[in-house]
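Since we're looking at a predicted model, the values are computed, not measured. What's counted below: heavy atoms across the whole structure, side chains too, no hydrogens, waters or symmetry copies. Residue numbering restarts at 1 for every chain, and letters A, B, ... go by the order of the sequence lines.
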Amino acid sequence: MSKLPPSFYTRPDSVTIARELLGKHFYSSFDGVLTGGMIVETEAYSGENDAACHAHLGRRTKRTQIMYETGGISYVYLIYGIYSLFNIVTNTAGTADAVLIRAIEPTEGLPEMQLRRGLTKIEPRLTAGPGLVTQAMGISTVHNGVSLFGNEIWLEDRGDSFSDEEIIAGPRVGVAYAGADALLPWRFSVKGSKWVSKAKPKY
DNA sequence: ACAGAGATGTACT
DNA sequence: GTACATCTCTGTG
């Protein structure tokens with residue numbers, strides 16, 4: 001299939017990219033095991049001007065430096081000591097934009113993902129949430145900085161897309177500390193999909 | 001159904 | 001020491 005090209009990721013507006021990622025397919029392949037599905041929920045983060053972004057005010061640390069790279073690589077970090085959250089770095093080198101993948105509709109490697117999640121049946125809890133997607137797909141912080149043009153983690157356009165009427169734009173989850181920026185409608189999800197996370201932003 | 005708490009590593013004050 | 005782009009489990013209605 002057709003992997004998303006570098007030109008998809010290097011564009012300057014992470015909000016547009018987050019919106020367009022709905023319907024794209026997200027895959028991982030480790031030790032010959034292919035898992036993944038269609039993206040149904042994302043959030044945009046916009047570098048130094050975004051109080052919710054780890055790179056707010058141009059912050060550069062060991063953790064955030066990867067976000068300043070050219071778009072098309074992963075940014076994976078550990079949250080709450082337990083969960084790995086997978087982001088796609090966007091924009092050109094020197095900017096620190098990223099898009100968080102929050103939920104997918106599983107299509108590949110269902111048995112393996114179910115095993116990794118420790119579930120007895122296929123249900124939304126398999127991949128409905130950023131910490132759950134990574135667990136199901138076997139992604140952890142060791143995959144920070146991985147190219148999305150290689151053979152471990154990548155995205156494809158398989159012809160699925162959604163009109164504006166089929167998409168919900170709302171505030172991001174878990175970023176109340178960001179003040180006014182927490183209200184920005186930078187979380188996108190597919191309306192009516194049972195695979196979207198249940199999390200609700202707090203104001 | 002909803003609320004509260006615990007889990008547990010890394011970054012940063 | 002505190003906070004964190006989360007999720008699960010347990011107790012209560």
Side-chain angles (χ1 to χ4, degrees), chain A residues 9 13-19 21-22 26 39-69 71 73-91 95-104 106 113-146 153 168-189 194-203:
Chain A
Y9 302 108
D13 185 1
S14 62
V15 178
T16 296
I17 295 173
R19 156 74 177 79
L21 280 170
L22 297 180
F26 176 35
I39 296 169
V40 295
E41 184 179 353
T42 62
E43 279 178 5
Y45 288 84
S46 184
E48 62 183 43
N49 298 318
D50 177 5
C53 183
H54 293 157
H56 181 45
L57 301 180
R59 163 174 281 153
R60 277 181 186 268
T61 65
K62 187 172 182 181
R63 179 173 73 160
T64 64
Q65 63 179 356
I66 200 71
M67 281 202 282
Y68 292 87
E69 300 287 316
I73 58 175
S74 66
Y75 166 44
V76 186
Y77 71 95
L78 192 69
I79 188 70
Y80 301 117
I82 302 175
Y83 298 101
S84 298
L85 268 54
F86 176 86
N87 300 253
I88 293 165
V89 174
T90 67
N91 212 333
T95 61
D97 297 356
V99 176
L100 170 68
I101 303 301
R102 290 192 54 88
I104 68 171
M113 293 200 284
Q114 184 181 330
L115 189 66
R116 286 169 175 162
R117 291 279 298 111
L119 299 180
T120 55
K121 63 187 180 74
I122 300 299
E123 55 183 308
R125 278 167 62 213
L126 187 68
T127 55
L132 304 184
V133 170
T134 54
Q135 193 174 53
M137 292 177 62
I139 294 171
S140 69
T141 53
V142 305
H143 304 293
N144 187 41
V146 169
I153 303 173
I168 297 170
R172 293 173 291 182
V173 178
V175 297
Y177 62 87
D181 285 350
L183 301 177
L184 294 169
W186 287 2
R187 174 195 185 207
F188 298 96
S189 61
K194 67 175 182 177
W195 300 101
V196 170
S197 79
K198 311 296 185 283
K200 291 195 183 86
K202 295 177 196 144
Y203 299 94

Is there a donor and acceptor pair, one atom on the side chain of His54(A) and one on the base of dA11(B), closer than 3.5 Å? no

Is the backbone N or O of Arg102(A) less than 3.5 Å from a side-chain atom of Glu43(A), with the two atoms forming a donor-acceptor pair by type? no

Can you check whether Thr120(A)'s main-chain N or O pairs, donor with acceptor, with Gln114(A)'s side chain at less than 3.5 Å? yes

Using the P atoms only, state how far dA5(B) lies from dA3(C), rounded to an integer number of Å. 15 Å

For dT6(C) and Arg102(A) - does any side-chain N or O of the residue sit under 4.0 Å from the phosphate oxygens OP1/OP2? yes

Same-atom distance (P) from dT2(C) to dG6(B), integer angstrom: 15 Å

Whole-Å distance, Leu57(A) CG to dT13(B) C1', equals 16 Å

Can you tell me how far C1' of dA5(C) sits from CG of Leu132(A), to the nearest Å? 14 Å

Who does dT2(C) pair with, Watson-Crick or G-U, both distances under 3.5 Å? dA11(B)

From CZ of Arg63(A) across to C1' of dC12(B) the rounded distance in Å is 9 Å

Touch class at under 4.0 angstrom, heavy-atom based, for Arg59(A) against every strand present: sugar-phosphate

With a 3.5 Å distance limit and no angle check, can you tell me whether Arg117(A) reaches the backbone of Leu126(A) through a side-chain donor-acceptor pair? yes

Checking Ile88(A), Asn87(A), Val99(A) against Tyr75(A) for side-chain contact (heavy atoms from CB on, under 4.5 Å), the one that qualifies is Asn87(A)

Does a side-chain N or O of Thr141(A) approach OP1 or OP2 of dT10(B) to a distance below 4.0 Å, or not? no

Without decimals, in angstroms, what is the distance between Asn144(A) CG and dT10(B) C1'? 13 Å

Report yes if the ring of Tyr80(A) lies under 5.5 Å from the six-membered base ring of dG9(B) with planes under 30°, and no otherwise. no

Check for a donor-acceptor pair, side chain of Tyr77(A) on one end and backbone N or O of Leu85(A) on the other, with a separation under 3.5 Å. no

Nearest 0.5 angstrom please: Leu21(A) CG to Tyr9(A) OH, how far? 7.0 Å

Got a sec? Which of residues 81-91 of chain A come in under 4.0 Å of DNA chain C, heavy atoms? Tyr83(A), Leu85(A), Asn87(A)

Atom CZ of Arg172(A) to atom P of dC4(C): distance rounded to whole Å? 14 Å

Can you tell me which residue pairs pass the salt bridge (Lys or Arg N to Asp or Glu O under 4.0 Å) test with a partner in residues 50-68 of chain A, sequence neighbours excluded? Asp50(A)-Arg172(A)

Using Watson-Crick geometry (N1-N3 plus N6-O4 or O6-N4) or G-U wobble (N1-O2, O6-N3), each under 3.5 Å, dG4(B) is paired with dC9(C)

Could you state the atom-to-atom distance from OH of Tyr77(A) to P of dG9(B) in whole Å? 17 Å

Picking from Val15(A), Asp181(A), Leu100(A), Asp97(A), what satisfies side-chain contact (heavy atoms from CB on, under 4.5 Å) with Tyr45(A)? Leu100(A)

Would you mind reading off the distance between Lys198(A) atom NZ and dC2(B) atom C1', rounded to a whole angstrom? 16 Å

Selection from dA5(C), dC7(C), dC9(C) that lies nearest to any side-chain heavy atom of Tyr45(A): dA5(C)

Under 4.0 Å between a side-chain N/O of Arg117(A) and OP1 or OP2 of dT8(C), yes or no? yes

Return the value, rounded to whole Å, for the distance between atom CD1 of Ile79(A) and atom C1' of dT10(B). 9 Å

